[in-house]
Amino acid sequence: ASLLALALALSPLATAPAAAHPHIFVDVTHTLLFDAEGRLIGVRARWDYDEMFTLLMVEDGKYDTDGDGRIAGEELTRFQRWDADWPPDYKGDLEIMLDDQPLALAGPSDWAAEWHEGRAVSIHTRMLETPAEVTGRALVILPYDPDIYVDYSVTAPPAFSGREDCTAKVYEPDPDAVPDELAAAIAELSADLTPEAAGLPAVGRLYADEERVSCGG
């Protein structure tokens with residue numbers, strides 16, 4: 001997003017290898033949304049950004065008008081859509097797999113923002129283009145940046161809105177599962193070369209936390 005460009009311009013780490021060293025750290029939680037028929041219709045995402053990136057963003061946007069080190073009152077009203085300017089080619093760093101097939105997602109909606117313990121919080125909804133029947137099927141939520149510039153950490157299993165018969169577990173990635181040759185290629189990427197341009201797969205997916213969801217029987 002445009003904020004990634006901001007971090008590239010302002011961060012002292014911007015000259016480090018982009019893929020091997022994440023520059024932005026985000027704690028993620030999701031709420032899965034179901035319709036009256038129990039079909040999955042969307043995901044509500046909450047991103048809690050790290051303190052350093054929060055500082056860069058607040059200074060660049062001049063959101064802290066009274067200089068007290070926090071965003072509150074009228075400042076919070078102006079802050080509500082700080083992360084909403086996604087460029088056309090940005091896919092939102094979210095993949096939803098149903099029986100090993102990706103589900104198509106619409107663009108973000110219902111933006112909100114919070115200020116929590118010195119960290120910027122961005123909240124948005126991604127609706128599915130077509131409601132999906134998920135009962136008894138393998139549903140996996142994967143938040144990740146393909147280039148590993150942003151490190152997403154799932155801090156809790158998803159919540160559920162519209163169904164009470166779903167459970168979920170979060171699985172951390174196994175770095176040892178990445179072949180040594182590929183891991184070496186990732187580590188050698190220069191700051192101005194993305195994994196895609198280097199002919200590598202969506203590297204971030206290899207290191208993504210997985211939310212494995214089970215609904216119904």
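Cation-pi check for Arg212 over Tyr171 is met; the charged atom lies under 6.0 angstrom from the ring centroid and within 45 degrees of its normal. Judged by the 6.0 Å distance and 45° axis criteria, Arg119 is not positioned over the aromatic ring of Tyr49.
Note that CG of Asp165 is 6.0 Å distant from SG of Cys215, once rounded to the nearest 0.5 Å. Here the straight-line distance linking atom CH2 of Trp115 with atom CZ of Arg70 works out to 10.0 Å at 0.5 Å rounding. Atom-to-atom distance recorded for Ile96:CD1 and Leu142:CG is 9.5 Å, nearest 0.5 angstrom. Interatomic distance, Thr29 OG1 to Ile123 CD1, rounded to the nearest 0.5 Å: 8.0 Å. Taken from CZ in Phe53 to CD1 in Ile24, the straight-line distance is 4.0 Å, to the nearest 0.5 Å. Annotation: the span from Asp145 atom CG to Asp93 atom CG amounts to 4.5 Å, rounded to 0.5 Å.
Using modelled atom types, one side-chain atom of Gln80 and one backbone atom of Leu76 make a donor-acceptor pair closer than 3.5 Å. Between the Asp151 side chain and the Phe25 main chain, no donor and acceptor come within less than 3.5 Å of each other. Using a distance-only test at 3.5 Å, with no hydrogens or angles considered, a donor-acceptor pair links the side chain of Glu133 to the main chain of Thr135. Judged by distance alone, with hydrogens and angles left aside, the side-chain atoms of Glu95 form no donor-acceptor pair with the main-chain N or O of Pro143 at under 3.5 Å. For the pair Arg126 (side chain) and Ser109 (backbone), a donor-acceptor distance under 3.5 Å is absent. Checked by atom type and distance alone, the side chain of Arg44 never pairs as donor or acceptor with a backbone atom of His30 at under 3.5 Å. In this structure, Glu59 contributes its side chain and Leu56 its backbone to no donor-acceptor pair below 3.5 Å. Side chain of Glu210 to main chain of Lys169: no donor-acceptor pair is present (N/O by atom type, distance under 3.5 Å, no hydrogens or angles). Using modelled atom types, no side-chain atom of Ser153 and backbone atom of Asp27 make a donor-acceptor pair closer than 3.5 Å.
Annotation: side chain of Val28 is not in contact with side chain of Thr155 (no heavy-atom distance under 4.5 Å). A 4.5 Å side-chain heavy-atom check between Asp83 and Trp111 finds at least one atom pair inside the cut-off. By the 4.5 Å heavy-atom criterion applied to side chains, Val213 and Pro158 are counted as neighbours. By the 4.5 Å heavy-atom criterion applied to side chains, Phe160 and Phe34 are counted as neighbours. For the pair Glu75/Asp66, a side-chain contact is recorded, criterion being any heavy-atom separation below 4.5 Å from C-beta on.
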Next on the checklist: Could you walk me through whether Leu32 and Leu139 satisfy the side-chain contact (heavy atoms from CB on, under 4.5 Å) test, starting with their C-alpha distance in whole Å, then the side-chain angles of each, then the deciding distance to 0.1 Å, before giving a yes or no?
Outcome noted: CA-CA 11 Å; Leu32 305 191; Leu139 179 65; 4.1 Å; yes
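Here Arg46 pairs with Asp48 in a salt bridge; the nearest charged N to carboxylate O distance falls below 4.0 Å.
When each of Thr130, Leu98, Val43 is checked for a side-chain contact (heavy atoms from CB on, under 4.5 Å) with Leu103, only Leu98 meets the rule.
Ring pair Phe79/Trp82 is parallel by interplanar angle, where below 30° counts as parallel and above 60° as perpendicular.
Ring to ring, Trp86 and His124 are close: their centroids are under 6.0 angstrom apart.
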